[in-house]
Undergrad: 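Just passing along the structure, written as structure tokens.
Residue numbers start from 1 in every chain, and the chains themselves are labelled A, B, ... in the order their sequence lines are given, proteins ahead of strands.
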Amino acid sequence: MKKNLPIIIAGPTASGKTELALGLASLLGAEIISADSRQVYKELTIGTAKPEGKWENGKYLVNNIPYNLVDFLYVEQTFNAGEFCNRSKKIQGNVPPQGTLPYIFCGGTGMYLDAFFFGMNELPKDENLRKELSLLSKPELHARLKAADPQSAAEIPEGNIQRTMRALEIYLLTKTPASVLRNKDKARDFTGKAFFIYLNPDKEILNKRIELRTKKMFEGMCAEASALLKKGHTKQTPALKSLGYPQAIEFLEGALKREDAIEKIITLTRQYAKRQRTWFNRYEGVMEINDLTHLSPEKIIKNFVN
RNA sequence: GCCGGGGUAGCUCAGUGGUAGAGCACUGGUCUGAAAAACCAGGUGUCGACAGUUCAAUCCUGUCCCCCGGCA
């Protein structure tokens, strides 16, 4: 097993990533870096399935294993792929003088993994400009993008206001079309970059796991949402747009019956898992595991030795 | 038992004498600093059953079955 390659454990939500990562980390003496855009929030734990841990000497520890990039932001703060890259690099830079400390990336936010392992173009960002742009209508935004950057406009549907705005933002800040500045290489081959374990359980099994997990976490989500509402946060707070929390809030407000809220969250989670599967399916050089029944960290390590 | 309403997609329902559509679900996909986000594409069907009228019936007629109200 090559020492200097990181391990990645990725896959759809509820596929058992965290458990496997902790098992591997404990065997290898590794640290975990979370690639999860929601577990970064301190106040969202149950609803994001963040592993329970405690802060000690500036490290979030789960069963004594350092679990990086979780539980460090407040809900009014934002996080993004670029920030993920910077922080991950910094953490990885903390290697001990002798040898290499192995790192296990674990998470379901494919965009973060893309950004870290295949690089991100240095593209500017401007919150104020974004606010200005958000006042424009979709057709207006798309028309402007078409004038400035026809290629991006052709690739981005008018309905997709986020990507339209971002492409336009890049053009306005750099005077160069985003389609020119962005890396065109869509290849996503992890060979030589990492040991990539793609947990992809059979759909029926994953759906069942999602159903059970959602039912189990609903009360906790409501408690978390309720506490945040009391502090003055609203549905508009970005972190509270995380999957399931809007439904928990609607339940708390009486707009949704309990069963309906739970059912809705299950559906949304299944749909999210599908998008994650679509994302990860295009990766090359990964070890895909569909059958979780005989999965063990020991077995995984054996596989890597060969 | 009688009276009324209804049986159309997985669900809720629209619709027409020329074999059918919406929303949601579902399926596939997009993705470069919001990504648990924001989108794109696709109709998946014995139109309750049987018979009749008709060139043609999911639609009209009859019988039957089932569901929901009301009266007994």
Side-chain angles (χ1 to χ4, degrees), chain A residues 10-15 17 34-41 44 46-50 73 75-88 107-127 129-131 133-134 138 141-142 149 152 154-167 169-170 173-174 177-188 203-204 207 210 213-214 217 221 236-248 260 263-283:
Chain A
T13 188
S15 58
K17 301 183 290 290
S34 165
D36 187 301
S37 68
R38 300 296 139 171
Q39 293 180 357
V40 296
Y41 292 109
L44 309 184
I46 295 166
T48 62
K50 184 203 301 162
L73 288 179
V75 286
E76 59 271 21
Q77 297 176 288
T78 60
F79 197 57
N80 58 54
E83 192 66 23
F84 173 80
C85 285
N86 297 337
R87 285 175 178 266
S88 296
T109 304
M111 189 196 194
Y112 288 3
L113 295 174
D114 268 33
F116 184 80
F117 286 94
F118 296 93
M120 274 202 106
N121 299 114
E122 287 294 330
L123 298 174
K125 177 185 172 192
D126 184 333
E127 292 291 348
L129 176 60
R130 214 171 266 196
K131 266 183 203 143
L133 291 177
S134 67
K138 282 183 189 180
L141 280 167
H142 206 264
D149 179 357
S152 290
E155 284 167 2
I156 301 170
E158 184 179 307
N160 196 330
I161 194 158
Q162 285 191 9
R163 290 180 56 208
T164 303
M165 272 179 59
R166 176 59 183 153
E169 180 188 13
I170 289 173
L173 292 173
T174 64
S179 50
V180 172
L181 295 174
R182 279 175 182 156
N183 183 4
K184 297 290 186 316
D185 188 9
K186 305 251 192 227
R188 290 289 180 267
K203 194 158 48 177
E204 288 68 32
N207 285 349
I210 287 172
R213 193 179 75 170
T214 303
M217 57 172 51
M221 278 183 106
Q236 308 310 322
T237 304
L240 280 179
K241 291 185 175 168
S242 303
L243 208 158
Y245 286 92
Q247 289 69 38
D260 293 344
E263 210 44 54
K264 183 79 185 154
I265 295 172
I266 291 171
T267 296
L268 289 169
T269 308
R270 273 203 307 259
Q271 293 172 337
Y272 169 52
K274 166 66 188 122
R275 294 197 298 279
Q276 289 177 300
R277 236 179 275 132
T278 301
W279 184 287
F280 294 127
N281 279 343
R282 75 175 167 197
Y283 283 171

Undergrad: Between R38(A) and G159(A), name the one whose nearest nucleotide on RNA chain B is closer to the 5' end.
TA: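 Per heavy-atom nearest nucleotide, the more 5' residue is R38(A).
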Undergrad: For residues T164(A) and E158(A), determine if any side-chain heavy atom of one lies less than 4.5 Å from a side-chain heavy atom of the other.
TA: no
Undergrad: Is any side-chain N or O of K125(A) closer than 4.0 Å to OP1 or OP2 of A34(B)?
TA: yes
Undergrad: Looking at W279(A), does the NZ or CZ of R277(A) lie under 6.0 angstrom from its six-membered ring centre and within 45 degrees of the ring axis?
TA: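 Not flagged: R277(A) not positioned over aromatic ring of W279(A).
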Undergrad: Which part of the nucleic acid does Y245(A) contact within heavy-atom distance under 4.0 Å: base, sugar-phosphate only, or nothing?
TA: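 No contact.
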Undergrad: Looking across every strand, which nucleic acid part, if any, lies under 4.0 Å from T109(A) by heavy atom: base, sugar-phosphate, or nothing?
TA: sugar-phosphate
Undergrad: Less than 4.5 Å apart, side chain to side chain, heavy atoms only: is that true for L268(A) and Q271(A)?
TA: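 They are in contact (side-chain heavy atoms under 4.5 Å apart), so the answer is yes.
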Undergrad: Does OP1 or OP2 of C26(B) have a side-chain N or O of K203(A) closer than 4.0 Å?
TA: no
Undergrad: Are OP1 or OP2 of G29(B) and a side-chain N or O of T278(A) less than 4.0 angstrom apart?
TA: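 It does, given that an N or O in the side chain of T278(A) lies less than 4.0 Å from OP1 or OP2 of G29(B).
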Undergrad: Check whether the side chains of R213(A) and T269(A) place a donor and an acceptor atom closer than 3.5 Å, and report yes or no.
TA: no
Undergrad: At under 4.0 Å between heavy atoms, what does P157(A) touch on the DNA or RNA strands: base, sugar-phosphate, or nothing?
TA: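 Result for P157(A) = sugar-phosphate.
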Undergrad: Please report the distance separating the P of A20(B) from the corresponding atom of A36(B), rounded so that it comes out in whole Å.
TA: 41 Å
Undergrad: Respond yes when some side-chain nitrogen or oxygen of K241(A) is under 4.0 Å from OP1 or OP2 of A38(B), and no when none is.
TA: no
Undergrad: Round to the nearest Å and state the distance from F116(A) atom CZ to G33(B) atom P.
TA: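 Whole-Å distance recorded here is 18 Å.
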Undergrad: Does D114(A) reach a base, just sugar-phosphate, or nothing at all? Heavy atoms under 4.0 Å.
TA: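 Here D114(A) touches no strand at all.
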Undergrad: Are the side chains of Y283(A) and F117(A) in touch, meaning some heavy atoms are under 4.5 Å apart?
TA: no
Undergrad: With heavy atoms under 4.0 Å as the rule, sort G110(A) into base, sugar-phosphate or nothing.
TA: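 Since no nucleic acid heavy atom lies under 4.0 Å of G110(A), the category is nothing.
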Undergrad: Distance check needed: A25(B) C1' versus E263(A) CD, whole Å only.
TA: 11 Å
Undergrad: Under 4.0 Å, heavy atoms only, any strand: does Q276(A) hit a base, just the sugar-phosphate, or nothing?
TA: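 No contact.
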Undergrad: Measuring only the P atom in each nucleotide, how far is C26(B) from C67(B)? A whole number of Å is fine.
TA: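 Between the two P atoms, the distance is 30 Å.
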Undergrad: Choosing from C31(B), A25(B), A36(B), which nucleotide comes nearest the side chain of K186(A)?
TA: C31(B)
Undergrad: Taking the C1' atom in each of U61(B) and A22(B), what is the distance between them to the nearest angstrom?
TA: 31 Å
Undergrad: Nearest to the side chain of Q162(A), heavy atoms from C-beta on, is which of A36(B), G33(B), A38(B)?
TA: A38(B)
Undergrad: Between A9(B) and A49(B), how far apart are the two P atoms, rounded to whole Å?
TA: 11 Å
Undergrad: Mind checking if T13(A) touches a base, just sugar-phosphate, or nothing, with heavy atoms under 4.0 Å?
TA: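 No contact.
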Undergrad: Distance between the P atoms of C31(B) and A41(B), in whole angstroms?
TA: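 Per the computed distance, 16 Å lies between those P atoms.
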Undergrad: Could you check L268(A) against G119(A) and say which one's nearest nucleotide on RNA chain B is further toward the 5' end?
TA: L268(A)
Undergrad: Side-chain N or O of R163(A) less than 4.0 angstrom from OP1 or OP2 on A35(B)?
TA: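 No, R163(A) has no side-chain N/O under 4.0 Å of OP1/OP2 on A35(B).
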Undergrad: Take atom P in A14(B) and the same atom in C60(B), then report the distance between them in whole Å.
TA: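 It works out to 15 Å between them.
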Undergrad: Name the nucleic acid region contacted by R270(A), choosing base, sugar-phosphate or nothing; use a 4.0 angstrom heavy-atom cut-off, strictly under.
TA: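 Sugar-phosphate: the residue R270(A), judged by heavy atoms under 4.0 Å, touches backbone atoms but no base.
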Undergrad: Does the structure show a Watson-Crick or G-U wobble partner for A51(B), both distances under 3.5 Å? Name it, or say none.
TA: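 Answer to the pairing question: U61(B), which forms a Watson-Crick or G-U pair with A51(B).
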Undergrad: Hey, does F118(A) reach any base, or is it just sugar-phosphate, or nothing, if we go heavy atoms under 4.0 Å?
TA: nothing
Undergrad: I'd like the C1' distance from G69(B) over to G17(B), given in whole Å.
TA: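 About 32 Å, rounded to a whole number of Å.
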Undergrad: Taking the P atom in each of G7(B) and G43(B), what is the distance between them to the nearest angstrom?
TA: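 It works out to 26 Å between them.
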Undergrad: Is the phosphate of G33(B), meaning OP1 or OP2, less than 4.0 Å from a side-chain N or O of R166(A)?
TA: yes
Undergrad: Would you tell me if any nitrogen or oxygen in the side chain of Q271(A) comes within less than 4.0 Å of OP1 or OP2 on C26(B)?
TA: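 The answer is yes; a side-chain N or O of Q271(A) sits under 4.0 Å from OP1 or OP2.
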